[in-house]
Undergrad: 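This is the structure I have questions about; it appears just below.
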Protein chains: 2
Amino acid sequence: MADPKKHASLFLHEDSLHEAVELLFFAYRDFTGVADALLAEHGFGRAHHRVLHFVGQSPGLSVSELLATLRITKQSLSRVLKQLVEQGYVTSKVSGLDARRRELTLTDKGQDLQDRLAKAQQDLILSAYEQAEASSVDGFRKVMLGLIQEPLDRARFSASAPQPRSARNPSAGAGTHRPLDPRR
Amino acid sequence: MADPKKHASLFLHEDSLHEAVELLFFAYRDFTGVADALLAEHGFGRAHHRVLHFVGQSPGLSVSELLATLRITKQSLSRVLKQLVEQGYVTSKVSGLDARRRELTLTDKGQDLQDRLAKAQQDLILSAYEQAEASSVDGFRKVMLGLIQEPLDRARFSASAPQPRSARNPSAGAGTHRPLDPRR
DNA sequence: TTTTTTGGGTCAGCCATATTGACTTAATAT
DNA sequence: ATATTAAGTCAATATGGCTGACCCAAAAAA
């Protein structure tokens, strides 16, 4: 599948690529949109949602790991993280192993909000999966994985859609949805 | 495919949905990222890119049509549109049919920038398509279409991935990538 | 042990992008 | 003649990014 001569047979012409650009724009707009109302009720924005998501996904995550995943600066994170901690959605406690690190976890309140945010987005994804054929889901996964440039981010997703051997993380197991790796 | 009992057989469990949430986050982050450097060279941001894209896609588009597609307010658009017009990337001329409307088009300079922005994103999509199997592309399209909530936006994409009859726009032709519809 | 590096936090200021509400103008529709 | 529409503008505000400059404490390296 790495043969560039195959384009014509794959319908990988201008038009198909142009269409994909718009699909990404509209799909992402609506995907984020379904959580916005819920966030607004709490006076939060998408930045808060991302923190809730990744902390919920990897309890005990450190601030610097979170920064690396979000690709924002410490100063940008601190504003939203401070609000989440002060309002009791996230706890930050000193690590036992390395007292410089703060381990972030969701409180029950934070978990509850995150659950409701995740449900809104997952309901949308479920309906998209239901409208497509069963086989579409795997194709969707593979293309989305290919769009992720950073190998360490790709490595969060294991199972199918193998990357070229040269780019694979040999320690990535064969399970599902590998938790966050300590990195950077 | 609308039977909710089919979930187990489709692997539509919690985990698959959770994974899709993250795929969308990472893929969109990197998809937009590839255009950012180029935009920054011109002192532009993503808002400018979106205007260049949709005006390039539908020359003669009016301001209110553009507003409806972007889902932002007139005030938000006016700043970026003014810059694009003043710097010679976009032309705004009074419509012959309705003198209230302004028809927006790209200048050669604007088309050139838009071409380069589109190429950066299309190269990424192409590489994602190449890493996947040929059949994945159609699955990707179908799932992405299902994520688009607004029927009028879905109607921009014709060909495969039929929606339920009840939700289809009967006037949507069978060609590829239908241009913007006048609406709202 | 002294020094350097790392993880975290903070201050100040800036920029881009979005919002609401109010108002004007001109052109079209009723 | 009046109402509606399309576009533009003003002012004020919020959010979420950024840079640069610091500080502290803990851990790692010299």
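Residue numbers begin at 1 in each chain, while the letters A, B, ... track the order of the sequences. Remember, it's a predicted structure, so these values are computed and weren't measured experimentally.
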Undergrad: Can you see whether A:R46 engages A:T32 through a side-chain donor-acceptor pair at a distance of less than 3.5 angstrom?
TA: yes

Undergrad: In whole angstrom, what separates A:L66's CG from D:dG17's P?
TA: 11 Å

Undergrad: Does the side chain of B:L106 come within less than 4.5 Å of B:L113's, by heavy atoms?
TA: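 Contact flag for B:L113/B:L106 side chains = no.
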
Undergrad: Can you tell me how far P of D:dG16 sits from CG of A:L39, to the nearest Å?
TA: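 Spelled out: CG on A:L39 to P on D:dG16 is 9 Å.
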
Undergrad: Whether the A:T91 and A:T105 side chains hold a donor-acceptor pair (N or O, under 3.5 Å, no angle test) is what I'd like checked.
TA: yes

Undergrad: Whole angstrom is fine here: how far is it from CZ in B:R101 over to P in D:dA6?
TA: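 Rounding to the nearest Å, CZ of B:R101 and P of D:dA6 are 7 Å apart.
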
Undergrad: To the nearest angstrom, how far is B:L84 atom CG from C:dA16 atom C1'?
TA: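 So the CG-C1' distance, B:L84 to C:dA16, works out to 14 Å.
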
Undergrad: Determine the contact category for A:R79: base if any of its heavy atoms lies under 4.0 Å from a base atom, sugar-phosphate if only primed atoms, P, OP1 or OP2 are that close, otherwise nothing.
TA: base

Undergrad: Is the phosphate of C:dT6, meaning OP1 or OP2, less than 4.0 Å from a side-chain N or O of A:S64?
TA: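 For C:dT6, OP1/OP2 do not have a side-chain N/O of A:S64 under 4.0 Å.
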
Undergrad: Are A:Q87 and A:H42 close enough that a side-chain donor and a side-chain acceptor fall under 3.5 Å?
TA: no

Undergrad: Please check if any side-chain donor atom of B:H18 sits under 3.5 Å from a side-chain acceptor atom of A:Q122, or the reverse.
TA: no

Undergrad: Between A:R71 and D:dG16, is there a contact of a side-chain N or O with OP1 or OP2 at under 4.0 Å?
TA: no

Undergrad: Nearest-Å distance, CZ (A:F44) to C1' (D:dA14)?
TA: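 Rounded to whole Å, this separation is 15 Å.
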
Undergrad: For B:L81 and A:G43, take the nucleotide of DNA chain D holding the closest heavy atom to each; which residue's nucleotide lies nearer the 5' end?
TA: B:L81

Undergrad: Could you tell me whether B:K109 atom NZ has more than 12 heavy atoms of other residues or ligands within 6.0 Å of it?
TA: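 For B:K109, atom NZ is crowded (more than 12 foreign heavy atoms under 6.0 Å).
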
Undergrad: Please determine, for the side chain of B:V63, which listed nucleotide (C:dA18, D:dG8, C:dG7) has the closest atom?
TA: D:dG8

Undergrad: If I take atom CZ in residue B:R29 and atom P in nucleotide D:dG16, what distance separates them, rounded to the nearest angstrom?
TA: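 It works out to 18 Å between those atoms.
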
Undergrad: If the cut-off is 4.0 Å, is B:S62 near the phosphate of D:dA6, judged by side-chain N/O to OP1 or OP2?
TA: no

Undergrad: Using the closest heavy atom to pick a nucleotide of DNA chain D for each, name whichever of B:S92 or A:G45 lands nearer the 5' end.
TA: B:S92

Undergrad: Rounding to an integer number of Å, can you tell me how far B:R46 CZ sits from D:dC18 P?
TA: 11 Å

Undergrad: Centroid-to-centroid, B:F31 to A:F25, below 6.0 Å?
TA: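 Ring-ring flag for B:F31/A:F25: false, centres at least 6.0 Å apart.
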
Undergrad: Base, backbone or nothing for each nucleotide of nucleotides 19-30 of chain D, written B, S, -, heavy atoms under 4.0 angstrom, 5' to 3'?
TA: BBB----BS---

Undergrad: CG of A:L61 versus P of C:dG8: gap in Å, rounded?
TA: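 Computing the A:L61:CG to C:dG8:P distance gives 9 Å.
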
